[in-house]
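Letters go in sequence order (proteins before strands), and every chain restarts at 1. Because only heavy atoms are used, hydrogens play no part in the values below, and waters and symmetry mates are left out as well, while side chains stay in.
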Protein chains: 2
Amino acid sequence: MKRLDQYCPVVHALELVGERWSLLIVRELLHGPKRYTDLTNGLPGIGTNILAARLRDLESCGIVEKKKLPPPTPATVYELTPYGKELDEAMHALARWGARTLGPPKSPDELYPEWGVNALPALFDPERAKGVKETYELKIDENVFTARVARGRVEAEVGAAPDADVVAEMDSPTFFALVAHELSPAEAVKSGRARIEGAVDAFDRCFEIFHIAPRVAAAA
Amino acid sequence: MKRLDQYCPVVHALELVGERWSLLIVRELLHGPKRYTDLTNGLPGIGTNILAARLRDLESCGIVEKKKLPPPTPATVYELTPYGKELDEAMHALARWGARTLGPPKSPDELYPEWGVNALPALFDPERAKGVKETYELKIDENVFTARVARGRVEAEVGAAPDADVVAEMDSPTFFALVAHELSPAEAVKSGRARIEGAVDAFDRCFEIFHIAPRVAAAA
DNA sequence: CTGCATCCGCCTCGATACTG
DNA sequence: CAGTATCGAGGCGGATGCAG
C-alpha cells in the first residue's frame, strides 16, 4: 500500500496489511504454518505472483517468517511471527462486524473445513465466559469442532473432545440462528434441529458465550 | 473490492470496507458527520473521484448516509449509520496493533487536532477500568482531550473538563512513552516531562487504563 | 510436484481539469 | 462547495514457463 504519510496507527496498520489479500493470507496462517501451494488453494483467485509479492512484503515487515523444513520432506513453509499472530484480535473484530450482514451459508460446501476454529474465537464473549469452565463439542454439518472455555478464554480446535460437557449436532443454518439468538437452544432441541448429549444447561450457556450482535438487513 | 466468493465473514467485511481509503473514511466519520470538502482535507492524497466513488459504495451498503442540512446553510454531510459506527471496535483493534510498530511522532504537527479522541478509546483497557469512575484531562502538545471513565467504558472528547480528577500536561513523546509503559507516571512528573494538577493516584491509574502492548522493533 | 518469475490485458488508482 | 470527466501509470488476475 502506498505511503499515506499521515501519523495514525490505522494508516500504519493498513500500510502493513491493508493491501488486497494481505489480511486473508494472515487468516490462512493463523492456525499454523502453511506451504505456498496450500495458501494458493486456500485463497481461490489469488495470482501466484501476487501471493509471492505479498509474502515478501509481509516477511519484510515482520509479520510472516519463511522457514525451511529439514529433510525428510524439505518444504518451505510460511509462519506468522508473534507480532503477526496478534492480528487475531483485529481480525475477529472485523469478522464479528462482517458476520452481521453475511447471513447463513447457502450451501454447506461454501464453508472450508476449519471454519469453526476461526468462528468460535470471533464469536466468543469474554464477559459472559467469566467463571465458566466447560468444553463444548459441536458437530456442524460434517465438521466437528471443540471449544474449551476456561479462565475467561477460549481455545478452539478441529475434532472431537472425549471430555466434553455437552456434544451437540446440528446443521450450519441452525448454528447461525443460534449464535444470532434468532433461535433459542431449547427450541432448537425441541424442534429437532439440534441433537445434544450431555448437560442441557451447558448447551444453553454455550450460546450465551458464543454469539453475535443482531443481524443487519442490507449491505448490498 | 472484487468478489472473492468465499463464505467467510472477514472476506465479506473486506468486500465492504477493504478497499483503499474506505476504512479511513470511516475513521474520519467516527466522530460525527462531515462534509465532502472536510473529508478531502482530512484525507491528504485522496482523489476527489475516489472519494466520491467510495462514498457511493459505502452508502449503497448501509455504512454511510448522505444527508442534506436544511437552510440557513444548506450543505450535504456524510454520516455513519449505526452499523457503520460499529466498525469502531475493529478499527481500535487495528489501531492498537499498528501502534506497536509506529513509534512516537517525529513532530507534533504530524498529528491532527482530534487524534486523542481516536487514540484514547483504542488504548482503553476495560479490564483495568473496572470499578473506576474518573475523569482525566490531558493537555498534549497544543491539544486538550478529556477522557471520562465509568462503568467499564470510556468517552473521549476534545476540550477541557472542569470536573476532572486530574489535569496533566505533557508533550506527545511523553504521552507515547507513558502509554507504552516505557516511562512511569512518577518518573514523568519527577523529571518535569509531565505537569499535573489534582490527584496523583488518578494520574497513575490513567496509564494503567490507557496503554498499549510493548512496542515491536521492526516493521519496515 | 512445489515454488516461484514472467508476460499480458484489464481495471483501478491518483492527479488534474472542469462544471453546477 | 460538491462533485463529474478525462487520462496516464501501475496494480491486479490469469496463463504460462521453468528450476529444484
Inset, instruction - Please determine if a side-chain N or O atom of A:W21 lies less than 4.0 Å away from the OP1 or OP2 oxygen of D:dG13. - result: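 It does, given that an N or O in the side chain of A:W21 lies less than 4.0 Å from OP1 or OP2 of D:dG13.
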Inset, instruction - Output yes when at least one side-chain N/O atom of A:R20 is less than 4.0 Å from OP1 or OP2 of C:dT12, else no. - result: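 Answer no for this pair, as no side-chain N or O of A:R20 is under 4.0 Å from OP1 or OP2.
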What is the distance, rounded to the nearest whole Å, between atom [atom1] of [X] and atom [atom2] of [N]?
{"X": "B:I25", "N": "D:dA2", "atom1": "CD1", "atom2": "P", "value": "15 Å"}
{"X": "B:K68", "N": "C:dG20", "atom1": "NZ", "atom2": "P", "value": "17 Å"}
{"X": "A:I50", "N": "D:dG10", "atom1": "CD1", "atom2": "C1'", "value": "11 Å"}
{"X": "B:K67", "N": "D:dA2", "atom1": "NZ", "atom2": "P", "value": "16 Å"}
{"X": "A:L51", "N": "D:dG11", "atom1": "CG", "atom2": "P", "value": "17 Å"}
{"X": "B:L43", "N": "C:dA15", "atom1": "CG", "atom2": "P", "value": "12 Å"}

Inset, instruction - Determine whether the aromatic ring centres of A:Y7 and B:W115 lie less than 6.0 Å apart. - result: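 No: the rings miss the under 6.0 Å criterion.
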Carboxylate-amine/guanidinium proximity below 4.0 Å for [X] and [Y]:
{"X": "A:K66", "Y": "A:E59", "value": "no"}
{"X": "B:R96", "Y": "A:E89", "value": "yes"}
{"X": "A:R148", "Y": "A:D165", "value": "no"}
{"X": "A:D88", "Y": "A:R27", "value": "no"}

Close N/O contacts between protein and nucleotides 18-20 of chain D (under 3.5 Å):
none

Inset, instruction - Could you tell me whether the side chains of A:D57 and A:S60 share a donor-acceptor contact shorter than 3.5 Å? - result: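 Side-chain D/A pair, A:D57 to A:S60: absent.
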Inset, instruction - Answer yes or no: does atom CD of A:E182 have more than 12 heavy-atom neighbours from other residues, nucleotides or ligands under 6.0 Å? - result: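 More than 12 within 6.0 Å, yes.
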Legend entry - Residue B:E79 excluded, over 12 heavy atoms near CD under 6.0 Å: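 Atom CD in B:E79 is packed in, count exceeds 12.
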Inset, instruction - Report the C-alpha separation of B:L87 and B:L80 in whole Å, then their side-chain angles, then the decisive distance to 0.1 Å, and conclude whether the side chain to side chain contact (heavy atoms under 4.5 Å, CB included) test is met. - result: CA-CA 10 Å; B:L87 272 165; B:L80 289 182; over 6 Å; no
Inset, instruction - At under 4.0 Å between heavy atoms, which parts of nucleotides 3-10 of chain C does protein reach? Answer with one letter per nucleotide, 5' to 3': B base, S sugar-phosphate only, - none. - result: SBBBB---
